[in-house]
Amino acid sequence: MIRLKLSALALVAALTLAGACESIGPAVVTVNPTAEQVALDRDRAVKGLTAITAGLAIVRQSLEVADELEKNGALQTDVLRRMAEGGKSLAVVTDRAFDFIEAAAGGERINLQTTYQAVLLEFDKFLAIQEGAGHGTLTQLAKAIRAVLALMTIGGIS
Amino acid sequence: MNLKLILSLLSNASSIAAQAERGITALRSLAEAGGASQADVQQAIAAGRAESQKLHDVADGILNRLGGGQ
C-alpha cells in the first residue's frame, strides 16, 4: 500500500508540476537586463526553489524512515550514518544556494543554472546512498525525490 | 516489520503527500499569476531555508544518537 501511495505520489507530482514548469529554461547572465528578463528569472527562481524545497522535505522524511528502520534492526547503522551525513551536506549546499539567490536579488540576472546544478549534484550523492541501501521503502522515497527534481531538468534549468 | 514501524511509515507517506500537494498548489498559483514578484522569491527562499533547517535538525539528531557528532 505504501509502494502504491509513493509511486502514485511521484507520478502525480511529476505530471502536475511539469505543466507548471514548462516555461523554465536556462538562465544566461547578461548586463542591463530588461524588466521582462528580470521577471522571467524571478519566475524560474521560484519554481526551482519550490522543487528543491519539496526535495528537501522528502529527504528529511527519508532520514526519519531510515532512523526508524535502523532502530528496528532493518537497516545497517553505517548506512544510516552515511545517509545522515549526506543529508547534512545537502542542507549546507542548499543553504549556500539560498544565500546566493537572495544576495543576487534586486534586478540583477543570476546564473540559476549553475546554482541549481550544484544543488542537484548534492542530491545525487545523497540518493546514491539511499538507493544503495536496498530497502524497498527508501527506494520508493528516492524515486519520489527524483521525480520532483526531474522537473528542473524538463525545462532545462539544470 | 512491527506494527509501530508500519504505522510510522504510513504516517510518513501521508506527510509526504501533504508536502507535495503544498508544492503543487504553490506552483499552480504561480503559473496562474503569470510570474513571480520579488516577494514571491523571498517567500520561496524562506520556505527553503525552513525546510533546510528541519533537515539539519533531523540529520544532527541521528548523528548525535549514533555518536557521529555534527
Side-chain angles (χ1 to χ4, degrees), chain A residues 1-2 5-6 9-10 12-13 16-17 19-21 23 39-40 42-54 56-61 63-72 74 77 80-81 83-88 90-92 94-95 97-98 101-102 105-106 137 141 144 148, chain B:
Chain A
M1 183 178 178
I2 293 175
K5 279 189 178 179
L6 292 175
L9 170 65
V12 169
T16 305
L17 291 174
C21 293
S23 63
L40 184 58
R42 285 177 181 161
D43 194 49
R44 290 168 178 161
V46 172
K47 289 175 179 175
L49 287 166
T50 302
I52 290 172
T53 301
L56 288 178
I58 307 176
V59 166
R60 175 175 54 83
Q61 296 280 356
L63 282 182
E64 291 170 346
V65 168
D67 194 26
E68 285 299 313
L69 291 172
E70 192 272 348
K71 288 176 182 176
N72 286 277
T77 301
L80 175 62
R81 186 189 304 279
M83 284 184 65
E85 291 169 346
K88 186 74 178 173
L90 175 60
V92 169
T94 54
D95 286 343
F98 297 148
I101 295 171
E102 192 167 45
T137 302
L141 285 166
V148 172
Chain B
M1 186 178 290
N2 57 39
L3 179 61
K4 182 180 177 182
L5 180 57
I6 293 172
L7 291 175
S8 175
L9 292 175
L10 287 173
S11 175
N12 283 328
S14 297
S15 179
I16 291 169
Q19 300 225 20
E21 182 60 35
R22 284 196 286 274
I24 292 169
T25 300
L27 284 174
R28 279 182 177 155
S29 298
L30 185 58
E32 291 167 0
S37 66
Q38 187 56 30
D40 290 328
V41 175
Q42 293 296 340
Q43 187 175 6
I45 292 173
R49 289 192 191 282
E51 197 55 56
S52 174
Q53 185 57 54
K54 291 178 185 177
L55 177 56
H56 273 292
D57 292 342
V58 170
D60 288 341
I62 291 172
L63 291 173
N64 286 335
R65 180 174 74 79
L66 299 180
Q70 304 183 15

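No hydrogens, no waters, no symmetry mates; every other heavy atom, side chains included, goes into these values.
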Worked verdict on B/Arg49 versus A/Thr53 for side-chain contact (heavy atoms from CB on, under 4.5 Å)
CA-CA 8 Å; B/Arg49 289 192 191 282; A/Thr53 301; over 6 Å; no
Nearest-0.5 Å distance that lies between atom [atom1] in [X] and atom [atom2] in [Y]:
| X | Y | atom1 | atom2 | value |
| --- | --- | --- | --- | --- |
| A/Glu64 | B/Leu55 | CD | CG | 9.5 Å |
| A/Leu49 | B/Gln43 | CG | CD | 11.5 Å |
| A/Arg60 | B/Gln53 | CZ | CD | 11.5 Å |
| B/Asp57 | A/Lys88 | CG | NZ | 8.0 Å |
| B/Ile62 | A/Thr77 | CD1 | OG1 | 11.5 Å |
| B/Gln42 | A/Arg42 | CD | CZ | 9.5 Å |

Out of A/Ile52, A/Thr94, A/Asp95, which one racks up the most heavy-atom pairs below 4.5 Å with chain B?
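Most heavy-atom pairs under 4.5 Å with chain B: A/Asp95.
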What closest approach, in Å, do A/Phe98 and B/Ser52 show between heavy atoms, and which atom pair accounts for it?
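Answer, listing the atom of A/Phe98 first, then B/Ser52: CE1-CB, 4.2 Å.
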